[in-house]
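These notes are about the structure you will find just below.
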Amino acid sequence: MIPFGSETVMSTGTGFVYEDDSKLYLITNGHNVTRVNPDTNMRIVNSIAFPIRIKTKARIISEDNPNALASDFFDIDLYDDDEFLKPKWFIHPTHGYKVDVIAIPFASMAEIPKHVKLFPINKYEFNNQFDIEIADDVFILGYPFDITGGKELPIWKRGTISTEPVIDIENLPKFLVDTATRSGMSGSPVIMQRNGFHGFNGKEMTGKELLGVIRLFAGIYSGRIGAEDNFQTQLGIVWKPSVIDEIISGQKLGDIGFQSI
């Protein structure tokens, strides 16, 4: 994130692309752009600076080698140019910033140059006929301490679903995972991965069973409980995928509020 009045990088985080009605959104955490903890309503940094731009990277397609892993920077402005400090991002229409997920509209599919390749997560062919369950393995795809997996690819940090996914923790659409994540992973997509024989009810075969690996988009990671101490619980917070469609359909613009300045 780039702060107002400077090109200095203020912080790093993670986000991913989501497509809705041919419009593209960057999905990430609200605290990444407000620098305010949604639970305490207090700033998470000592500086009075706040970000106005996200600098990120996109996959670049080479004419010589379409399969080559190359990328280049591009910017996403956080505020409307015509009215300074009018955020462009959308927040949850019911819970606001208490759901620590935002959607930042940045382009339509038609506006993306042909040499740039984006991968909206909701266009991936997940095994959506299955449900995530407690004790499932999940992977949080992000950039801990700004470390990449090479060629700007993310690090896959393993975790385990620790609470019943159908239950809303604190009456909010989230569940907890057991994971040792680190700074820089806020806004990461969370992918459930299960190996073995799937869909068998223990009585009879239906023909819908699968053998091998299945994956599901499990949600959006937003940080740890006890993040100030590496030896605390290390329970991560994951927001359910449904909040993305609720945010985009709600079209409720965020605000930075005096508490975040």
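Position 1 is the first residue of the sequence; numbering continues from there. Since this is a predicted model, take the numbers as computed values, not measurements.
- Note on L172 and V166: separate hydrophobic clusters, where clusters join Ile, Leu, Val, Met, Phe, Trp and Tyr whose side-chain heavy atoms are under 4.5 Å apart, directly or indirectly.
- Between atom CD1 of residue I112 and atom CZ of residue F74 there is a gap of 6.5 Å, rounded to the nearest 0.5 Å.
- Note that the CG atom of L26 and the CZ atom of F106 stand 6.5 Å from one another [nearest 0.5 Å].
- Using a 4.5 Å heavy-atom threshold, the side chains of M192 and E133 count as separate.
- Geometrically, K55 engages F73 in a cation-pi contact, judged by NZ or CZ lying under 6.0 Å from the ring centre and within 45° of the ring axis.
- The backbone N or O of G30 sits less than 3.5 Å from a side-chain atom of D100, completing a donor-acceptor pair.
- I155 and V177 end up in different hydrophobic clusters when Ile, Leu, Val, Met, Phe, Trp and Tyr side chains are linked at under 4.5 Å.
- The CG atom of L153 sits 10.0 Å away from atom CG of L141, with the distance rounded to the nearest 0.5 Å.
- Side-chain contact between W89 and V33 is present, with heavy atoms from C-beta onward closer than 4.5 Å.
- Atoms CD1 and OG1, from I27 and T14 in turn, are 13.5 Å apart once rounded to the nearest 0.5 Å.
- Between I191 and V138, every side-chain heavy-atom pair lies at or beyond the 4.5 Å cut-off.
- In this structure, F90 and I102 have side chains that are not in contact, with every pair of non-hydrogen atoms separated by 4.5 Å or more.
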Q: Would you sort out whether F126 and I121 count as a side chain to side chain contact (heavy atoms under 4.5 Å, CB included), showing the intermediate values?
A: CA-CA 9 Å; F126 289 107; I121 198 167; 4.1 Å; yes
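- Although no hydrogens or angles enter the test, the distance criterion places no donor-acceptor pair under 3.5 Å between the side chain of T163 and the main chain of I134.
- Summarising the geometry of P241 relative to A218, their closest heavy-atom pair is CD-O, 3.3 Å, with the distance given to 0.1 Å.
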Q: Begin from the C-alpha positions of S222 and H31 and carry the test side chain to side chain donor-acceptor pair (under 3.5 Å) through to its verdict.
A: CA-CA 9 Å; S222 70; H31 76 257; 5.8 Å; no
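- At least one donor-acceptor pair under 3.5 Å links the side chain of S162 to the backbone N or O of T160.
- Using modelled atom types, one finds a donor on one side chain and an acceptor on the other under 3.5 Å when comparing T28 with N32.
- Side-chain contact between I225 and I237 is present, with at least one heavy-atom pair separated by less than 4.5 Å.
- The backbone N or O of P105 sits nowhere less than 3.5 Å from a side-chain atom of K23 that would complete a donor-acceptor pair.
- The main-chain N or O of Y221 is found under 3.5 Å from a side-chain atom of N29 such that the two form a donor-acceptor pair.
- When all heavy atoms are compared, the tightest approach of P87 to G254 is CG-O, 3.4 Å.
- A donor atom on one side chain and an acceptor atom on the other are not found under 3.5 Å apart for Y97 and N37.
- Distance CZ/F130 to CG/L210: 4.5 Å, rounded to 0.5 Å.
- Checked by atom type and distance alone, the side chain of H198 pairs as donor or acceptor with a backbone atom of G212 at under 3.5 Å.
- A salt bridge links K240 with D168: at least one charged nitrogen is closer than 4.0 Å to a carboxylate oxygen.
- Here Y143 contributes atom OH and K157 contributes atom NZ; the two are 15.0 Å apart, rounded to the nearest 0.5 Å.
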Q: Show the numbers, then the answer: is there a side chain to side chain contact (heavy atoms under 4.5 Å, CB included) between N41 and V36?
A: CA-CA 6 Å; N41 208 32; V36 173; 3.9 Å; yes
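- With salt bridges taken as basic N to acidic carboxylate O contacts below 4.0 Å, none links K88 and D80.
- Remark: the backbone N or O of R158 is not paired with any side-chain donor or acceptor of D137 at under 3.5 angstrom.
- For I248 against D20, the heavy-atom pair with the smallest separation is CG2-OD2, 3.6 Å.
- Considering I54, D77, L24 as possible partners of I104, the one that fulfils the side-chain contact (heavy atoms from CB on, under 4.5 Å) test is I54.
- Formation of a donor-acceptor pair under 3.5 Å by the H95 side chain with backbone atoms of P93 is not found in this model.
- A donor atom on one side chain and an acceptor atom on the other are found under 3.5 Å apart for Q193 and R215.
- Put simply, the side chain of I220 does not reach to within 4.5 Å of the side chain of V238, judged on heavy atoms.
- I147 and F139 are members of different hydrophobic clusters when ILVMFWY side chains are connected at heavy-atom separations under 4.5 Å.
- Residues M185 and P144 have side chains in contact (heavy-atom distance under 4.5 Å, counting atoms from C-beta outward).
- Within a 6.0 Å radius of CG in N195, other residues, nucleotides and ligands contribute more than 12 heavy atoms.
- No side-chain heavy atom of H92 sits under 4.5 Å from any side-chain heavy atom of K98.
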Q.
Working note: E19 + M109, criterion side chain to side chain contact (heavy atoms under 4.5 Å, CB included); need CA distance, chi angles, decisive distance, verdict.
A. CA-CA 8 Å; E19 182 185 344; M109 288 296 294; 3.7 Å; yes
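- Outside the 6.0 Å centre-distance limit, the rings of F16 and Y25 are not counted as a close aromatic pair.
- D136 places no side-chain N or O within donor-acceptor distance of the main-chain N or O of I161, the cut-off being under 3.5 Å.
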Q | Worked check of side chain to side chain contact (heavy atoms under 4.5 Å, CB included) between F217 and N122 | A | CA-CA 8 Å; F217 173 47; N122 55 323; over 6 Å; no
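- Other residues, nucleotides and ligands contribute over 12 non-hydrogen atoms within 6.0 Å of the NZ atom of K57.
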